[in-house]
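Below is the structure I would like to discuss, written out as structure tokens.
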Protein chains: 2
Amino acid sequence: MTVNQNIVKTQDANCPHDKRVSCGNCRLNTICLPISLHIEDIDRLNGIIQRGKPLQKGDYLYRANDHFHSVYAIRSGAVKALTLSDNGEEQVTGFYLPGEVVGMDGIADNRYTNSVIALETASVCEIPFNRMEELSLQIPNLQRHFFQLMSREITQDQQIITLLSKSSAEERIAALLLSISSRNSRRQLSANAFRLPMSRTDIGNYLGLTIETVSRIFTRLQKQNVISVDKKEVLITDMELLRNIANGDGHC
Amino acid sequence: MTVNQNIVKTQDANCPHDKRVSCGNCRLNTICLPISLHIEDIDRLNGIIQRGKPLQKGDYLYRANDHFHSVYAIRSGAVKALTLSDNGEEQVTGFYLPGEVVGMDGIADNRYTNSVIALETASVCEIPFNRMEELSLQIPNLQRHFFQLMSREITQDQQIITLLSKSSAEERIAALLLSISSRNSRRQLSANAFRLPMSRTDIGNYLGLTIETVSRIFTRLQKQNVISVDKKEVLITDMELLRNIANGDGHC
DNA sequence: CGCATGCTTGACTTTGATCAATAGCGGTGG
DNA sequence: CCACCGCTATTGATCAAAGTCAAGCATGCG
């Protein structure tokens, strides 16, 4: 028994896609769960959560126009969300990393407006929305938590709006790098060295730039000794300067 | 008595800023309330709603960083929401017309991230959020309604992201005109003739364009006989063409 | 009336898009 | 093993859409 538990523990620690996890022992629960939830309430929430087999790179988690029934917390890996615009081209609306939640766009009309695609092998926790709603009626903090989650999505989308509306190509790239950096450090990973899970094309699409511009900015930032890029590996060598660039003080 | 009631009724019909309104008799309740709410539940919701004196043009409904305690349904007039970006300039994040709800950005961190300012004389219904939450625990449809409201805000913000990321200046203006048009017709107003409540500066700020570009696009659309503009009065003369322009088929 | 404000229009500049060529890399099969 | 392909990324040359700068006009208000 003790031996078995040790094995499980070891696998938990080593494999980020391990299915045998509950919210109670999940390393990400400070990110995706409200801090003020009681242990027994966490167990009740855990009881409704479904964990399937991991998505492979390129797999859809769901597609735009699918019937909505769940939101999903990313457990490992990374995904992108994208909408089809009226004239038919894709718009990447967000990248989601472990601990973050996708799918809330589907609540309004009971259909997802985004498609979500794995950028690399990724596992997710499925939260059936109807059951979460029922549970929320009994656990006020859970209700509050979901209101907050959705509100945060709103404020983040509005930050993207500001970025697209007001910032130069260089500022947009800098802001994206800083966003990924801070989200990594929230998960106890390095804020300075990381691997971008998405392609240049995805970055360009997300930031409203062409792939050529993205590439040029990366090399320019590298020449300015702000970052060092090797394919998808990024090393931020001058965090302070990167912040200045993101805030538009790059050239003044 | 009968006479008095008639007077009240007359004022209701004539003055959109009249305070003596309840959700039950509000002409906008199909827009801002869930259809599936029972009459007695509407009364309970109405019981927590506060209606103050109207805002005058330029008045703040609340300011970014204010402590969050309420969301607001616009009853009459129009308001704009704006954030301050990191480098200090304003970004208009939305225009809100009667029946629409502002303030949900404040839930995440108990502080508003936007400021909201009246574009013209406007009256609002204040919905204290804590009391709405309590009521939601007893009225599942109300909980669902707020999830949907917030989800709709998310999908709308994502549409703006797509607009800013992918569309030309002309497409952005066309899309804004169509948005206002359809929101007007939802309130039984003309889809073709209306008054823009916001300035050219606000439009440019919202759409990521300079005021000069906004002005030029308006005159260009007018020369193409798509719209007719006189100051803030807009007449859409070719709805079909305007839709084509918004979808990027304007020149192909 | 004179001044401030908001809008329009014109001339010129700049940023990022477009077009095009090339390089690197992983997989596949002869 | 290496020749070939497909895909992604980089780099350069040119172009165009929207920004900037500047001037002028209309409106409204003390």
Side-chain angles (χ1 to χ4, degrees), chain A residues 56-58 80 87 89-92 117 119-120 163-177 195-224 227-234 245 248 250-252, chain B residues 56-58 80 87 89-92 117 119-120 163-177 195-224 227-234 245 248 250-252:
Chain A
Q56 298 307 310
K57 178 174 179 170
K80 64 176 172 182
N87 55 52
E89 45 190 346
E90 292 183 348
Q91 168 68 39
V92 173
I117 303 176
L119 292 167
E120 57 194 27
L163 199 67
L164 295 176
S165 175
K166 295 274 184 301
S167 301
S168 68
E170 203 172 54
E171 288 160 14
R172 295 180 202 187
I173 299 277
L176 176 64
L177 291 175
R195 183 173 185 285
L196 295 172
M198 73 293 282
S199 68
R200 302 283 192 273
T201 306
D202 288 334
I203 294 176
N205 188 314
Y206 179 60
L207 297 177
L209 304 170
T210 59
I211 178 177
E212 293 96 327
T213 301
V214 173
S215 182
R216 278 185 253 269
I217 303 278
F218 272 131
T219 59
R220 195 195 302 170
L221 288 176
Q222 187 155 235
K223 276 176 190 156
Q224 294 169 332
I227 60 172
S228 159
V229 197
D230 176 31
K231 293 207 39 148
K232 297 193 169 178
E233 296 293 335
V234 173
I245 290 171
H251 44 325
C252 309
Chain B
Q56 297 306 310
K57 179 174 178 169
K80 64 175 171 182
N87 55 53
E89 46 189 347
E90 292 182 349
Q91 168 68 39
V92 173
I117 303 176
L119 292 167
E120 57 193 30
L163 199 67
L164 295 175
S165 175
K166 295 273 183 304
S167 301
S168 68
E170 203 172 55
E171 288 160 16
R172 296 181 202 187
I173 300 276
L176 176 64
L177 291 175
R195 184 174 185 282
L196 296 171
M198 72 293 284
S199 68
R200 301 284 192 272
T201 306
D202 288 333
I203 292 175
N205 188 315
Y206 179 60
L207 296 177
L209 304 170
T210 59
I211 177 177
E212 293 96 328
T213 301
V214 174
S215 182
R216 278 185 253 267
I217 303 279
F218 272 131
T219 59
R220 194 195 304 171
L221 288 176
Q222 186 156 237
K223 277 176 188 155
Q224 294 169 332
I227 60 172
S228 160
V229 196
D230 176 30
K231 293 208 38 145
K232 298 192 169 178
E233 297 293 335
V234 173
I245 290 172
H251 45 324
C252 310

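Convention: sequence-line order gives letters A, B, ...; per-chain numbering from 1. Treat the numbers as computed from the prediction; the structure is a model and nothing was measured.
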Query raised in the report: Side-chain donor or acceptor of A:R172 under 3.5 Å from a matching atom on the base of C:dG16?
Result: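 By the distance-only test, no, there is no pair.
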
Query raised in the report: Picking from D:dG19, C:dT18, C:dG16, which would you name as closest to the side chain of A:S168?
Result: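 Selected nucleotide: C:dG16.
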
Query - Side chain of A:T213 - closest among D:dT20, D:dT10, C:dG16 - result: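 When the side chain of A:T213 is considered, C:dG16 is the closest of D:dT20, D:dT10, C:dG16.
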
Query raised in the report: Hey, does the side chain of A:T210 come within less than 4.0 Å of C:dA17's phosphate (OP1/OP2), counting only N and O?
Result: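 Yes, because at least one side-chain N or O of A:T210 sits under 4.0 Å from OP1 or OP2 of C:dA17.
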
Requested in this report: Output yes when at least one side-chain N/O atom of A:S215 is less than 4.0 Å from OP1 or OP2 of D:dT11, else no.
Outcome: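 Looking at the OP1 and OP2 atoms of D:dT11, neither is under 4.0 Å from any side-chain N or O of A:S215.
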
Query - Minimum-distance nucleotide to A:I211 side chain [options: D:dC21, D:dT10, C:dA17] - result: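 Nearest listed nucleotide: D:dT10.
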
Query raised in the report: Is the count of non-hydrogen atoms from other residues, nucleotides or ligands lying under 6.0 Å from A:K232 atom NZ greater than 12?
Result: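 More than 12 heavy atoms, drawn from other residues, nucleotides or ligands, come within 6.0 Å of this atom.
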
Query raised in the report: Rounded to the Å, how far apart are B:L221 CG and C:dT9 P?
Result: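 Interatomic distance, CG of B:L221 to P of C:dT9: 13 Å.
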
Query raised in the report: Rounding to a whole Å, what distance do you find between B:I173:CD1 and C:dT8:P?
Result: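 Spelled out: CD1 on B:I173 to P on C:dT8 is 11 Å.
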
Query raised in the report: Could you state the CZ-P distance from B:R200 to D:dA18, rounded to the nearest angstrom?
Result: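 About 18 Å, once rounded to whole Å.
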
**Report entry** Minimum-distance nucleotide to A:S199 side chain [options: D:dA9, D:dT20, D:dT11]
**Finding:**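 Looking only at side-chain atoms, A:S199 lies closest to D:dA9.
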
Query - Base of D:dG19 paired with side chain of B:R216 (donor-acceptor, under 3.5 Å) - result: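 Flag unset: no donor-acceptor pair detected.
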
**Report entry** Nearest-angstrom distance from the residue atom NZ of A:K166 to C1' of D:dA18
**Finding:**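 Going from A:K166 (NZ) to D:dA18 (C1'), I get 14 Å.
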
Requested in this report: Could you work out which one of C:dG16, C:dA17, D:dA22 sits closest to the side chain of A:A169?
Outcome: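 The closest nucleotide is C:dG16.
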
Query raised in the report: Between B:Q91, B:E90, B:E89, which is the residue that forms a side chain to side chain donor-acceptor pair (under 3.5 Å) with A:K166?
Result: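 Option passing the side chain to side chain donor-acceptor pair (under 3.5 Å) with A:K166: B:Q91.
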
**Report entry** B:I245 side chain reached by B:Q224 side chain, heavy atoms, under 4.5 Å
**Finding:**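 Side-chain contact under 4.5 Å: yes.
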
**Report entry** Side chain proximity check, B:T201 to B:N205, heavy atoms < 4.5 angstrom
**Finding:**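 A side-chain contact under 4.5 Å is absent here.
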
Report task. Take atom CD1 of B:I217 and atom P of D:dA17, then tell me their distance rounded to the nearest Å. Result ->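 In whole Å, D:dA17 P lies 11 Å from B:I217 CD1.
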
**Report entry** Interatomic distance, B:E233 CD vs C:dC7 P [rounded to whole Å]
**Finding:**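 Answer to the nearest Å: 14 Å.
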
Report task. Kindly point out which of C:dC7, D:dT10, D:dA18 is positioned nearest to the side chain of B:K232? Result ->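 Between C:dC7, D:dT10, D:dA18, the one nearest the side chain of B:K232 would be C:dC7.
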
Report task. Please state how far atom CD in A:E212 lies from atom C1' in C:dC19, giving the value in whole angstrom units. Result ->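 It works out to 9 Å between those atoms.
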
Query raised in the report: Touch check for A:G208, heavy atoms < 4.0 angstrom, all strands: base, sugar-phosphate only, or nothing?
Result: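 Sugar-phosphate contact only.
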
Report task. Using atom CG of B:N205 as one end and atom C1' of C:dG6 as the other, report the distance to the nearest whole Å. Result ->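 Taking atom C1' of C:dG6 as the reference, CG of B:N205 is at 15 Å.
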
Query raised in the report: Going by an N to O cut-off under 4.0 Å, is there a salt bridge joining B:E170 and B:R220?
Result: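 Yes.
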
